[in-house]
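Have a look at the structure below before the remarks.
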Amino acid sequence: MAGDGKKAHLIFLGPPGSGKGTQSEFVCKALGIPQISTGDMLRAAVAAGSELGQKVESIMNSGALVSDELIAEVVKDRLVQADAQEGFLLDGYPRTGPQAETLSGILEESGIELDHVVLIDVPEEELVARAVARGRDDDKEEVVRERQRVYHEKTAPLIDYYRAQGLIREIDGNRPIEDVTAALMEAIGA
Ligand code: AP5
C-alpha cells in the first residue's frame, strides 16, 4: 500500500454513475497505478471499429452487459501488460459472479492479493440525473435505468462476495467530488 512502497490492487464497485471513473483518476494518479476500466476499453474498441468493438457496440447501447467470455479476454490481455505488474485499479470489473471467479483465478495464478474493494454508494435518482446530464451514447434515460437494473441483478451480489473476504470499504458518493476523494483515500489508507 502507499507509504510502505507496495502498490495497491484495488477494485471499484458501484452502480453506473456513482463516480467510479471520476474517483479512479485521482486515486490512480496518487498511487501510481494504472486505471483498468473495462467500459473505457470497450468504448475505445467501438471508436476504433475493431472486431471487438463491432461485437459489443449494440450490447453497450442497450444497457446490457457484454459476455463474460469476451470480458475475460479483454482483462487477461490487459493484466499482463508491464504497467499492471505492481498494482492496478479495476474500474467496472468484475461485474458478475463468473467474472469474479475468473479474476480470482488470475490473481491466484499470479500470487496477487486484493487490498480493497471500494463500494461507492449513491441513490438511484441522483445516478440517473448524473448520467442523463453527461449524455454518452448509453446515457439515454431508459438505457440508464436498464443499466441500474442490470447492476442490481448481476453486480450487487458481488458486495456480499467481497464482504465475506473482509475487503469492502463503503463510501458515501452522494457529496462533492473532492469530499468523496478524501473519504476514499482515508478508507484505503492512502
Ligand atoms: P462502464 O463504462 O463501466 O459504465 P458504468 O458502470 O455504467 O459507469 P459510468 O461510467 O456510467 O459511471 P461511473 O461510476 O464510472 O461514474 P463517472 O465517474 O463516469 O460500462 C459501460 C458499458 O460497458 C456497460 O453497460 C456494459 O455494456 C459494458 N461493460 C463494461 N464493463 C463490463 C464488464 N465488466 N462486464 C460486462 N460488460 C461491461 O460519473 C458519472 C457522471 O457523474 C459524470 O458526468 C461525473 O462527472 C459525475 N459525477 C461523478 N462524481 C460526482 C459527484 N460526487 N457529484 C456530482 N457529479 C458527479
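Numbering starts at 1 and runs along the sequence shown. Atoms considered below: every heavy atom in the structure, side chains included; atoms not considered: hydrogens, waters and symmetry mates. Owing to the predicted nature of the structure, the values given are computational and were not obtained by experimental measurement. One-based numbering, in listed order, for ligands and for the atoms of each.
Salt bridge status for R130 with E126: present, with a side-chain N to carboxylate O gap under 4.0 Å. Remark: E153 does not engage R147 in a salt bridge, criterion side-chain N to carboxylate O under 4.0 Å.
Residues V150 and R95 form no side-chain contact, since every pair of their non-hydrogen atoms from C-beta on lies 4.5 Å or further apart. Inter-residue side-chain proximity for F26 and I177 is flagged as met; some heavy-atom pair is nearer than 4.5 Å. Counting only heavy atoms from C-beta outward, the side chains of D139 and V143 never approach each other to under 4.5 Å. Annotation: side chain of R78 is in contact with side chain of D83 (closest heavy-atom distance under 4.5 Å). Using a 4.5 Å heavy-atom cutoff, the side chains of P94 and Y161 are not in contact. In this structure, F88 and I112 have side chains that are in contact, with non-hydrogen atoms separated by less than 4.5 Å. Taking 4.5 Å as the limit, some side-chain heavy atom of E170 sits within range of a side-chain heavy atom of R163. Between L70 and V74 there is no side-chain heavy-atom pair separated by less than 4.5 Å.
At under 3.5 Å, a nitrogen or oxygen of T22, whether backbone or side chain, sits near a nitrogen or oxygen of ligand 1. Considering backbone and side-chain N/O of I59, none are found under 3.5 Å from N/O of ligand 1. Residue G17 has at least one nitrogen or oxygen atom sitting less than 3.5 Å from a nitrogen or oxygen atom of ligand 1, judged on distance alone. Residue R43 places at least one N or O, backbone or side chain, under 3.5 Å from an N or O of ligand 1. Backbone and side-chain nitrogen or oxygen atoms of S18 are examined, and one is located within less than 3.5 angstrom of a nitrogen or oxygen of ligand 1. Annotation: R95 places an N or O atom under 3.5 Å from an N or O atom of ligand 1; distance criterion only. No N or O atom of Q23 sits closer than 3.5 Å to an N or O atom of ligand 1. Distances between N or O atoms of P176 and those of ligand 1 include no value under 3.5 Å. Note: no N/O pair closer than 3.5 Å links D40 and ligand 1 by distance alone. At under 3.5 Å, a nitrogen or oxygen of R136, whether backbone or side chain, sits near a nitrogen or oxygen of ligand 1.
From the protein, the heavy atom lying nearest to atom 16 (O) of ligand 1 is G19 N, 3.1 Å. With hydrogens left out, the protein atom closest to atom 40 (C) of ligand 1 is R134 NH1, 3.6 Å, a heavy atom. Of all protein heavy atoms, the one closest to atom 8 (O) of ligand 1 is K20 NZ, 3.5 Å. In terms of protein heavy-atom proximity, atom 11 (O) of ligand 1 is closest to R147 NH2, 2.6 Å. Closest to atom 42 (O) of ligand 1, if we only count protein heavy atoms, is R130 CD, 3.3 Å. Scanning the protein heavy atoms around atom 23 (O) of ligand 1, the nearest turns out to be M60 CE, 3.3 Å. Among all non-hydrogen protein atoms, the one lying nearest atom 37 (N) of ligand 1 is V66 N, 3.1 Å. The single protein non-hydrogen atom nearest to atom 53 (N) of ligand 1 is R175 O, 2.8 Å, given as residue, atom name and distance.
No donor-acceptor pair closer than 3.5 Å links the side chain of K20 to the backbone N or O of I120. Formation of a donor-acceptor pair under 3.5 Å by the T102 side chain with backbone atoms of P98 is found in this model. Side-chain atoms of Q35 do not come within 3.5 Å of backbone N or O of L89 as any donor-acceptor pair.
Contacts with ligand 1 closer than 4.0 Å are made by backbone heavy atoms (N, CA, C, O) of A64 only, the side chain lying farther away. Using a 4.0 Å cut-off between heavy atoms, L42 contacts ligand 1 through its side chain alone, with no backbone atom that close. When heavy-atom distances to ligand 1 are checked against a 4.0 Å cut-off, L65 comes that close through both its backbone and its side chain. Under 4.0 angstrom from ligand 1, the non-hydrogen atoms of P15 all belong to its backbone.
Close approach of ligand 1 to Q99 (heavy-atom distance below 4.0 Å) involves ligand atoms 33 (C), 34 (N), 35 (N), 36 (C). Contact atoms of ligand 1 toward T38: 30 (C), 31 (N), 32 (C), 33 (C), 34 (N) (distance under 4.0 Å to a heavy atom of the residue). Within the listing of ligand 1, atoms 53 (N) sit less than 4.0 angstrom from a heavy atom of G173. Interface of G21 with ligand 1, defined as ligand atoms under 4.0 Å from a residue heavy atom, comprises 13 (P), 15 (O), 18 (O). Residue contact check: Y93 has heavy atoms under 4.0 Å from atoms 34 (N) of ligand 1.
Qualifying salt bridge (Lys or Arg N to Asp or Glu O under 4.0 Å) partners for K55, counting only residues two or more places apart in sequence or in other chains: E51.
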Salt bridge (Lys or Arg N to Asp or Glu O under 4.0 Å) between E146 and R149, intermediate numbers included
CA-CA 5 Å; E146 174 62 9; R149 191 193 66 71; 3.0 Å; yes
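Considering every non-hydrogen atom in both D91 and G21, the closest pair reads OD2-CA, 3.5 Å.
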